[in-house]
J.: 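Got a structure here, written out as structure tokens. Questions coming.
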Amino acid sequence: MKKTPITVAHGDGIGPEIMDATLKILNAAGAPLEITTIEVGQKLFERGVMTGIEPASIEAIRATGVLLKAPIFTPSGGGYKSLNVTIRKLMSLYANVRPCQSYHPYIEALHKNMDLVVVRENEEDLYAGIEHRQTQGVVQALKLISRPGCERIIRYAFEYARANGRKKVTCMVKDNIMKMVDGLFYQVFEEISADYPDIQKDRYIIDIGAARIASRPQDFDVIVTENLYGDIISDIAAEVTGSVGLGISANIGEQCAMFEAMHGTAPDIAGRGIANPSGLLLGAIMMLTHCGHGKAAETVHNAWFKTIEDGIHTGDIYREGTSRQRVGTAEFTDAVIARLGKKPTEMKAVSYPDGKGGIKIPALKPVVQAKKEWIGLDVFIEYNGKADDLAEKVKPALASGLELSILTNRGVKCWPKGSSGTFCTDHWCARVLGKADTAKLVETLQKLEKAGVTVVKNENLYSFDGKDGFTAAAG
Ligand code: NAI
């Protein structure tokens with residue numbers, strides 16, 4: 001079989017130990033891979049490379065389209081960037097896929113029969129890190145959600161479910177509160193799910209959804225959600241399997257994919273030869289199926305199941321009573337190699353076809369172009385004082401045809417007729433309604449400045465096909 005070129009990064013801490021173990025097993029299984037090794041992480045940070053990766057290594061990843069990566073140390077503070085986030089963004093790895101399975105009774109788990117996959121959007125949401133300090137007392141983070149971004153991840157979740165014989169996709173959002181951004185995610189979920197009548201669909205508000213993952217994870221199959229929620233629930237899901245050390249994280253894009261273990265560099269046990277290589281090995285198995293080497297993936301996965309079933313466990317999962325032999329990284333590796341070609345007898349053996357390759361999603365639908373009209377302004381103001389006084393300053397400064405509708409503070413209406421109990425910060429919003437244009441905006445901003453009103457930002461208000469493209473204030 002033709003060898004598939006991949007890029008490998010050995011990482012920091014226990015990274016080199018678990019990567020060596022993983023590659024030894026893949027090699028023994030005859031996985032047809034042609035490996036290019038790159039240096040990333042700590043050594044690069046020490047040489048002053050703030051991103052932790054050289055441009056030539058980025059090109060190597062691009063050229064192979066597949067990266068198998070051991071964990072990397074991220075320095076705290078300073079201008080250092082998280083290398084994981086850098087790679088995700090540079091390669092547009094839009095889907096983060098985290099299978100979370102319990103291996104009861106061989107590995108102690110809180111829940112005995114859970115087997116779910118979190119499909120997390122990887123590029124948008126609050127993770128874009130667009131933050132501003134606007135006043136002395138208020139900072140903001142922008143949550144941007146796009147229709148194509150939603151469609152891509154939701155389609156990926158359904159295609160993943162289909163390709164992996166999964167029965168149900170559950171959407172988790174908070175659209176009762178974030179009616180527009182989370183509302184869009186759910187609306188797109190509703191639209192896209194109609195194209196997959198063979199897959200059941202389900203929906204949870206994220207808070208109760210997260211609680212249910214902790215209490216009844218067996219109710220879930222594939223979960224699709226936004227970036228931040230996905231970050232949180234995938235850790236909850238991994239934790240309740242009883243073995244964060246076995247968690248996998250695959251980051252999938254159209255041109256590139258990165259596979260890794262969920263855990264970090266485990267500096268407390270680095271260099272001691274006791275690290276569990278299973279998380280990275282399971283990531284490598286996902287990589288093999290992604291590359292179309294299903295049979296090699298199947299051989300390694302079944303050998304791993306058999307090793308676990310035989311009670312040969314590294315210290316992190318070793319338990320008196322259930323485990324038979326406590327082993328280090330090297331012995332565990334040899335035990336898996338000795339079982340290549342064998343299948344588990346109690347746990348379910350897996351079977352992956354050759355040549356299937358990664359999941360391809362259909363072309364995205366073009367965004368429908370609605371009639372967009374500029375119908376007002378949200379003018380954000382830094383101000384300490386009473387709402388009534390601010391209203392009297394703002395009203396005369398508005399260009400003709402514009403009218404002050406309400407003043408809000410952190411989204412709560414304070415004028416007209418605000419509640420005396422509302423706690424106000426120095427960050428106000430004057431909602432101004434009326435047909436607007438650039439000239440009126442400039443005139444208003446100039447007049448506000450002359451009146452001594454400090455504008456910190458402006459948000460244009462639009463209607464789309466006659467429907468307001470903004471939310472109402474609370475109260
Ligand atoms: P960690 O996951 O490295 O360690 C947490 C605990 O789990 C430690 O007690 C460790 O010994 C244990 N552990 C983790 N993996 C294990 C394994 N394979 N076998 C046996 N025991 C294992 O988390 P921590 O300490 O918060 O982070 C350490 C470093 O790793 C930080 O610099 C962090 O930025 C980095 N990190 C990197 C990640 C990546 O590259 N994907 C992900 C998470 C953290």
Side-chain angles (χ1 to χ4, degrees), residues 7-23 25 38-46 50-53 57 61 67-78 80-89 91 93 96-98 100 103 107-108 118 120 122 127 230-232 234-235 238-239 241-252 257-287 304 307-308 312-319 323 326-333 335-336:
T7 308
V8 164
H10 283 70
D12 304 315
I14 58 168
E17 302 163 48
I18 58 173
M19 183 59 86
D20 286 345
T22 298
L23 295 179
I25 295 168
I38 57 166
E39 214 180 51
V40 294
Q42 190 150 17
K43 285 196 192 114
L44 278 286
F45 289 125
E46 281 165 9
M50 303 295 262
T51 53
I53 187 164
S57 301
I61 302 171
L67 172 65
L68 180 63
K69 187 179 86 51
I72 294 167
F73 161 79
T74 307
S76 303
Y80 297 108
K81 296 274 180 210
S82 157
L83 180 58
N84 289 320
V85 176
T86 302
I87 293 176
R88 272 182 219 160
K89 287 193 172 169
M91 309 290 168
L93 306 179
N96 183 231
V97 185
R98 295 189 176 192
C100 296
Y103 302 100
I107 299 176
E108 210 174 76
V118 177
R120 161 189 170 194
N122 224 7
Y127 259 74
D231 187 20
I232 297 166
S234 56
D235 270 26
E239 182 71 16
T241 62
S243 49
V244 181
L246 305 185
I248 320 163
S249 170
N251 294 271
I252 312 286
M258 171 171 80
F259 299 86
E260 59 183 340
M262 252 174 78
H263 61 74
T265 59
D268 50 333
I269 58 164
R272 289 171 53 196
I274 57 170
N276 186 351
S278 298
L280 186 60
L281 182 67
L282 294 170
I285 290 166
M286 253 182 113
M287 177 194 74
W304 180 83
T307 311
I308 295 298
I312 300 172
H313 295 167
T314 45
D316 56 312
I317 55 170
Y318 182 89
R319 296 287 177 279
S323 307
R326 186 190 190 110
V327 291
T329 316
E331 292 155 290
F332 184 83
T333 305
V336 176

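Each ligand, and each atom within it, is numbered from 1 in the order the structure gives.
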J.: Verify side-chain contact (heavy atoms from CB on, under 4.5 Å) between F332 and I308, making sure each step is shown before the conclusion.
T.: CA-CA 10 Å; F332 184 83; I308 295 298; 4.0 Å; yes
J.: Do I61 and I53 have side-chain heavy atoms sitting under 4.5 Å apart?
T.: yes
J.: Under a 3.5 Å threshold, yes or no: a donor from one side chain and an acceptor from the other, between N276 and T329?
T.: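 T329 and N276 do not have a side-chain donor-acceptor pair below 3.5 Å.
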J.: For ligand 1, list the protein residues that place a heavy atom within a distance below 4.0 Å of one of its atoms, sorted by chain and number.
T.: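 I14, K69, P71, I72, F73, T74, N84, E260, M262, H263, G264, T265, A266, P267, D268, I269, A275, N276, D316.
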J.: Can you see which heavy atom on A250 is nearest to which on M286, and at what distance?
T.: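 Scanning both residues, the minimum pair turns out to be CB-CE, 3.7 Å.
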J.: Are N84 and K69 close enough that a side-chain donor and a side-chain acceptor fall under 3.5 Å?
T.: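 The criterion, which ignores hydrogens and geometry beyond distance, is satisfied for K69 and N84.
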J.: ring-ring contact (aromatic ring centres under 6.0 Å, His included) with Y127: which residues, sequence neighbours excluded?
T.: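 Not a single residue meets the ring-ring contact (aromatic ring centres under 6.0 Å, His included) criterion with Y127.
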